[in-house]
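Working notes, beginning with the structure itself.
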Amino acid sequence: MTPKTFKIKNFGCQMNVYDGERMAELLGAQGMAPVAESEDSDLIVLNTCHIREKAAEKAYSDVGRLRRKDGSKPLIALAGCVAQAEGAEARRRSPMIDIVVGPQAYHRLPEMVAEASCGSTSVDTDMPAISKFDSLPARRHAAPSAFLTIQEGCDKFCTYCVVPYTRGAEISRPWGDILSEANALVDGGAREIVLLGQNVNAWQNDGRGLAELIRALAKIDGLARIRYTTSHPADMTDALVAAHGEIEKLMPYLHLPVQSGSSRVLKAMNRSHTVETYLATIERMRAARPDIAISGDFIVGFPGETEEDFEATLRIVDAVRYASAYSFKYSARPGTPAAVMEDQISRDIMDDRLQRLQANINEHQLAFNRSKVGVNTQVLIERKGKHEGQMIGRSPWLQSVHVETDSKPGDIVDVTLVAAGPNSMTGAVRQKVAA
Ligand code: SAH
Ligand code: SF4
Ligand code: F3S
């Protein structure tokens with residue numbers, strides 16, 4: 001039976017969220033309707049993440065849960081990075097899966113669904129030379145803040161990471177395609193565009209880099225804010241740093257993962273930056289844009305990480321004064337060089353280090369938020385809050401801001417930030433700015 005309804009469940013990073021939106025548009029163009037609950041859906045797409053063991057295992061436990069009480073099951077498509085990493089093996093592990101489709105092959109989803117509804121299973125984890133983007137329907141509706149993938153894949157090969165294997169080599173989407181997608185998103189209601197890539201600042205096309213692309217995007221009428229993520233420290237060019245001081249629409253926020261505060265560990269991770277070069281980049285950023293909010297990623301318990309190495313990580317958090325940061329326990333991933341390194345760290349030590357690191361990060365996050373109390377700024381309203389009349393939006397520094405207002409999602413309101421919590425701010429409206 002041909003499915004009439006679908007549900008896409010996203011795991012992992014923002015690039016999966018973007019891919020999920022594109023798959024939804026693709027299935028919608030085939031006349032299928034999205035539903036909110038898995039129970040009601042003829043087709044379920046699990047858009048998976050392979051970055052840490054827990055994330056990957058979640059994919060399989062979720063598949064198991066899709067069997068219905070009457071013994072029937074929906075059509076199940078395994079998409080995303082687990083699909084890419086496991087290919088046909090995924091069906092051997094879980095025969096309930098009908099379709100295995102990698103992140104570079106999902107433009108073929110409609111034909112794979114058609115095949116699967118006739119009873120045949122299909123696997124496509126090719127990374128074709130012709131980009132999937134050329135076969136996807138045009139963008140129509142967009143949230144106030146919309147994702148736009150401009151770069152995919154990674155050539156950096158950090159020794160712990162699966163991304164170069166699941167997402168393939170670095171590719172940059174062409175300039176013209178990005179501008180037309182951005183225009184379509186703005187026509188569809190986006191006020192902010194977040195440019196995405198596993199190494200977004202490595203984007204280049206026809207001799208032009210990310211700074212020039214942002215400059216061109218900033219000329220789009222109706223587009224108020226531009227962000228980009230995730231950046232690699234090695235690709236923070238002078239032009240991009242300077243752009244932060246020059247382009248008003250480019251928001252004062254930079255996600256720049258460091259992973260560790262020990263240059264010895266960074267070398268073993270194959271990160272290509274040292275503590276000194278990273279801190280120098282942060283200094284260049286702050287010279288260009290003094291109020292920039294810096295965020296980052298950390299891994300604790302990388303093989304061979306000593307207590308001294310870890311304390312150096314605590315010190316870099318103090319030196320950078322992160323406005324926010326994500327931290328993870330190292331997870332050994334099959335096929336990566338670090339998985340077979342000596343001196344794997346015990347779970348207990350990792351737990352302890354993660355707790356200490358997160359406590360330190362939280363202090364800096366709260367201090368950053370408190371430093372913004374009393375500041376007049378603008379909030380892009382994104383959604384309704386918990387109670388009547390409350391809306392939630394983002395400050396330029398990506399803080400979540402609660403505001404009492406009759407404004408709608410997509411409005412930009414002038415507020416004074418009046419209170420700071422660990423994870424959000426309260427704003428008081430000064431006046432509504434014309435939308
Ligand atoms: N391209 C980005 C990050 C991609 S993955 C970058 O280079 O910064 C997102 C984050 O997951 C990484 O920054 C890292 O902190 C974490 N991560 C990646 N592999 C991991 C692993 N094997 N174990 C634990 N955390 C990992
Ligand atoms: Fe993974 Fe490193 Fe590439 Fe980031 S730069 S995606 S951490 S290999
Ligand atoms: Fe996960 Fe793939 Fe993103 S492994 S973090 S979904 S690139």
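Position 1 is the first residue of the sequence, and the numbers go up from there. One-based numbering, in listed order, for ligands and for the atoms of each. Quick caveat: nothing in here was measured; it's all calculated off a predicted structure.
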Ligand-residue contact atoms, ligand 1 with [X], heavy atoms, under 4.0 Å:
{"X": "Arg333", "result": "22 (N)"}
{"X": "Pro257", "result": "8 (O)"}
{"X": "Arg52", "result": "11 (O), 16 (C), 17 (N), 23 (N), 24 (C), 25 (N), 26 (C)"}
{"X": "Ser331", "result": "21 (C), 22 (N), 23 (N), 24 (C)"}
{"X": "Tyr330", "result": "23 (N), 24 (C)"}

CA sep, side-chain torsions, deciding dist, call: Gln399, Asn369, side-chain hydrogen bond (donor to acceptor under 3.5 Å, both in side chains): CA-CA 8 Å; Gln399 296 155 302; Asn369 287 348; 2.9 Å; yes
Ligand 2 contacted by Arg167 (non-hydrogen, < 4.0 Å): no
Of all the non-hydrogen atoms in the protein, which one sits nearest to [atom], and at what distance?
{"atom": "atom 1 (Fe) of ligand 3", "value": "Cys49 SG, 2.3 Å"}
{"atom": "atom 2 (Fe) of ligand 3", "value": "Cys81 SG, 2.2 Å"}
{"atom": "atom 6 (S) of ligand 3", "value": "Asn16 ND2, 3.4 Å"}
{"atom": "atom 4 (S) of ligand 3", "value": "His50 N, 3.2 Å"}
{"atom": "atom 1 (N) of ligand 1", "value": "Gln198 O, 2.7 Å"}

Using modelled atom types only, decide if a donor and an acceptor are shared between the side chain of [X] and the backbone of [Y] within a distance under 3.5 Å.
{"X": "Asp98", "Y": "Ala77", "value": "no"}
{"X": "Asp42", "Y": "Thr5", "value": "yes"}
{"X": "Gln198", "Y": "Arg167", "value": "no"}

Heavy atoms of other groups near Arg370 CZ, more than 12 under 6.0 Å: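 Counting other residues, nucleotides and ligands, CZ of Arg370 stays at 12 neighbours or fewer.
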Crowding at OH, Tyr326 (>12 non-hydrogen neighbours, <6.0 Å):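 12 or below, so no.
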NZ or CZ of Arg333 within 45° of Tyr160 ring axis and under 6.0 Å: no
Arg173 charged N/C atom sitting above Trp203 aromatic ring, 6.0 Å / 45°: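 Output no; distance or angle outside limits.
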Heavy-atom check, side chain of Thr121 versus side chain of Arg91, under 4.5 Å: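 Thr121 vs Arg91: side chains touch.
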Gln104 side chain near Pro128 side chain, heavy-atom distance below 4.5 Å: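 Of all side-chain heavy-atom pairs linking Pro128 with Gln104, at least one is under 4.5 Å.
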Taking NZ, NE, NH1 and NH2 as the nitrogens, is one of them in [X] or [Y] under 4.0 Å from a carboxylate oxygen of the other?
{"X": "Asp124", "Y": "Arg108", "value": "yes"}
{"X": "Arg347", "Y": "Asp351", "value": "no"}
{"X": "Glu37", "Y": "Lys7", "value": "no"}

Contact (N/O only, under 3.5 Å) between Tyr160 and ligand 1: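 Checking ligand 1 against Tyr160, an N or O pair does fall under 3.5 Å apart.
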Atoms of ligand 3 close to Gln198 [distance to a heavy atom under 4.0 angstrom, numbered from 1]: 7 (S)
Please identify which atoms of ligand 2 are closer than 4.0 Å to at least one heavy atom of [X].
{"X": "Cys161", "answer": "1 (Fe), 6 (S), 7 (S), 8 (S)"}
{"X": "Arg271", "answer": "2 (Fe), 5 (S), 7 (S)"}
{"X": "His232", "answer": "5 (S)"}
{"X": "Tyr160", "answer": "7 (S)"}
{"X": "Pro164", "answer": "8 (S)"}
{"X": "Cys158", "answer": "2 (Fe), 5 (S), 7 (S), 8 (S)"}

Answer with side chain, backbone, both or neither: which part of [X] has a heavy atom less than 4.0 angstrom from an atom of ligand 1?
{"X": "Ile51", "value": "both"}
{"X": "Phe328", "value": "side chain"}
{"X": "Lys156", "value": "neither"}

Location of contacts on Phe157 toward ligand 2, heavy atoms closer than 4.0 Å: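 The answer is the backbone of Phe157.
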Selection from [options] by shortest heavy-atom distance to [atom]:
{"atom": "atom 7 (O) of ligand 1", "options": "Lys329, Gln259, Arg271", "result": "Arg271"}
{"atom": "atom 3 (Fe) of ligand 2", "options": "Cys154, Ser231, Cys13", "result": "Cys154"}
{"atom": "atom 13 (O) of ligand 1", "options": "Ile299, Asp297, Val200", "result": "Asp297"}

Heteroatom test (N, O or S) for Cys13 near atom 3 (Fe) of ligand 3, limit 2.8 Å: yes
Worked verdict on Arg67 versus Glu39 for salt bridge (Lys or Arg N to Asp or Glu O under 4.0 Å): CA-CA 9 Å; Arg67 185 158 315 272; Glu39 265 299 302; over 6 Å; no
Asp134 and Lys132: CA distance, side-chain angles, deciding distance, salt bridge (Lys or Arg N to Asp or Glu O under 4.0 Å) verdict: CA-CA 5 Å; Asp134 297 341; Lys132 68 185 173 223; over 6 Å; no
Thr166 and Gln84: CA distance, side-chain angles, deciding distance, side-chain hydrogen bond (donor to acceptor under 3.5 Å, both in side chains) verdict: CA-CA 5 Å; Thr166 62; Gln84 187 65 40; over 6 Å; no
Sub-4.0 Å heavy-atom contact, Arg167 with ligand 3: yes
